[in-house]
Amino acid sequence: MPHPKIKEYSKATKEKLSFWKTRFYNIGTEREKSSREFQFLFLSWFSLLLFFTFFILAEKNPFNLLVPFNVFQWPRLDSREEVKIVISDGSAQQIPVSRKILIAEEKDLFIYQLVDEVGAPPYFSVKESSSKTDTLFQPKKLLNLQFALKKVWIRKEGSELILDWNTTMLESVMNDYRLPRLIQTESNFEEEAQANAPVDTITYYSGGEVSKTEGEEVTRARRLKALALTFKAVEATLFLNFPNLKTIEHRLDGFQKSFEGLEYSLGDIKQRPATSP
């Protein structure tokens, strides 16, 4: 048996529902005239119900309207700036391309950013696939020497730059560098021929296992060549982005010396070229 109070509340609820049902029916059939106050309250509550129902069906929070600029936000401005990055095709040819980065305010941090961009994978965009002379240009990934750069000195109001490199890190980065696959011919090895379309970086670079018969000296020579091209690209990039820069000096662990096996001399002071690359 239900509790007496439950029966009482149920009876009162049924009476109210019956009353309002009859009231709305009479108003709808014009048997009873409604006051303007009733019409205003009815339309207000009905509109409010529709308003919340719309947001519930759209799975949105209606209270977000109370937060300024939360529904219609201001357009987000791109705070990145264009810089010139020199990329290489794996041989002597290098071209400058434009890339957007968040430039650091400090010059030494900006130099680290440029070194990182030089060693970043090629974007394989239209701009990075064709040079100014409309000749075919296949960009190759260079070594990322950002973490091998120990210290940066900017002297004489930005006209001289000294880059101090960690020799151990250079060796580590060079040994981890993924070389393009080789095709064995009758007498020697040649890099795999490229199609006109750029090759995907993940499938093109093989992690160093280029051939079971390739000697360690050949592999190291190819990696040293890639390291030399990276140094050249870093220097050209720095000269492009620092107009007042006249000379770049490399140091290994704080000393002016050559890198073992590297044909490109790091002991010489690099002068700004007469023409940009």
Is any side-chain heavy atom of [X] closer than 4.5 Å to a side-chain heavy atom of [Y]?
| X | Y | value |
| --- | --- | --- |
| Ser98 | Glu82 | yes |
| Gln256 | Glu249 | yes |
| Ser47 | Phe51 | no |
| Leu163 | Leu238 | yes |
| Phe231 | Leu266 | yes |
| Ile111 | Leu109 | no |
| Leu50 | Phe54 | no |

Provide the closest heavy-atom pair for [X] versus [Y] in the form atom of the first, atom of the second, distance.
| X | Y | answer |
| --- | --- | --- |
| Gln113 | Ala104 | OE1-N, 3.0 Å |
| Asn144 | Val173 | O-CG1, 3.5 Å |
| Pro139 | Ile87 | CB-CD1, 4.1 Å |
| Arg220 | Phe259 | NH2-CE2, 4.3 Å |
| Tyr177 | Lys141 | OH-O, 2.6 Å |

Can you tell me how far apart [atom1] ([X]) and [atom2] ([Y]) are? Round to the nearest 0.5 Å.
| X | Y | atom1 | atom2 | result |
| --- | --- | --- | --- | --- |
| Leu262 | Arg223 | CG | CZ | 14.5 Å |
| Gln93 | Leu229 | CD | CG | 11.5 Å |
| Glu217 | Leu224 | CD | CG | 11.5 Å |
| Met174 | Arg222 | CE | CZ | 13.0 Å |
| Trp165 | Leu170 | CH2 | CG | 7.0 Å |
| Asp253 | Thr167 | CG | OG1 | 3.5 Å |

Under the side-chain hydrogen bond (donor to acceptor under 3.5 Å, both in side chains) rule, what pairs show up with a residue in residues 237-248, not counting sequence neighbours?
none

Polar side-chain atom of [X] near backbone of [Y] as donor-acceptor pair, under 3.5 Å:
| X | Y | answer |
| --- | --- | --- |
| Asp116 | Tyr112 | no |
| Glu81 | Ile103 | no |
| Lys257 | Arg251 | no |
| Thr22 | Ser18 | yes |

Step-by-step side-chain contact (heavy atoms from CB on, under 4.5 Å) determination, Lys140 to Ser88:
CA-CA 6 Å; Lys140 299 290 184 66; Ser88 173; 5.9 Å; no

Which atom pairs, donor and acceptor, lie under 3.5 Å between side-chain atoms of residues 146-160 and protein residues at least two apart or in another chain?
unit_1: Lys156; atom_1: NZ; unit_2: Glu160; atom_2: OE2; d: 3.1
unit_1: Ser159; atom_1: OG; unit_2: Lys156; atom_2: O; d: 2.8

CA sep, side-chain torsions, deciding dist, call: Leu227, Leu145, side-chain contact (heavy atoms from CB on, under 4.5 Å):
CA-CA 9 Å; Leu227 181 61; Leu145 304 181; 4.0 Å; yes

Verdict with reasoning, Val86 to Val118, per side-chain contact (heavy atoms from CB on, under 4.5 Å):
CA-CA 7 Å; Val86 175; Val118 170; 5.9 Å; no

Using a strict 4.0 Å threshold on nitrogen-to-oxygen distance, state whether Glu117 and Lys100 make a salt bridge.
no

Under the criterion side-chain contact (heavy atoms from CB on, under 4.5 Å), I'd like the reasoning laid out for Thr230 against Lys232: C-alpha separation, chi angles, the key distance, then a yes or no.
CA-CA 5 Å; Thr230 305; Lys232 292 180 181 179; over 6 Å; no

Under the 6.0 Å and 45° cation-pi test, does Lys270 pair with Tyr264?
yes

Polar side chain donor-acceptor pair, Ser265 to Asp268, under 3.5 angstrom
yes

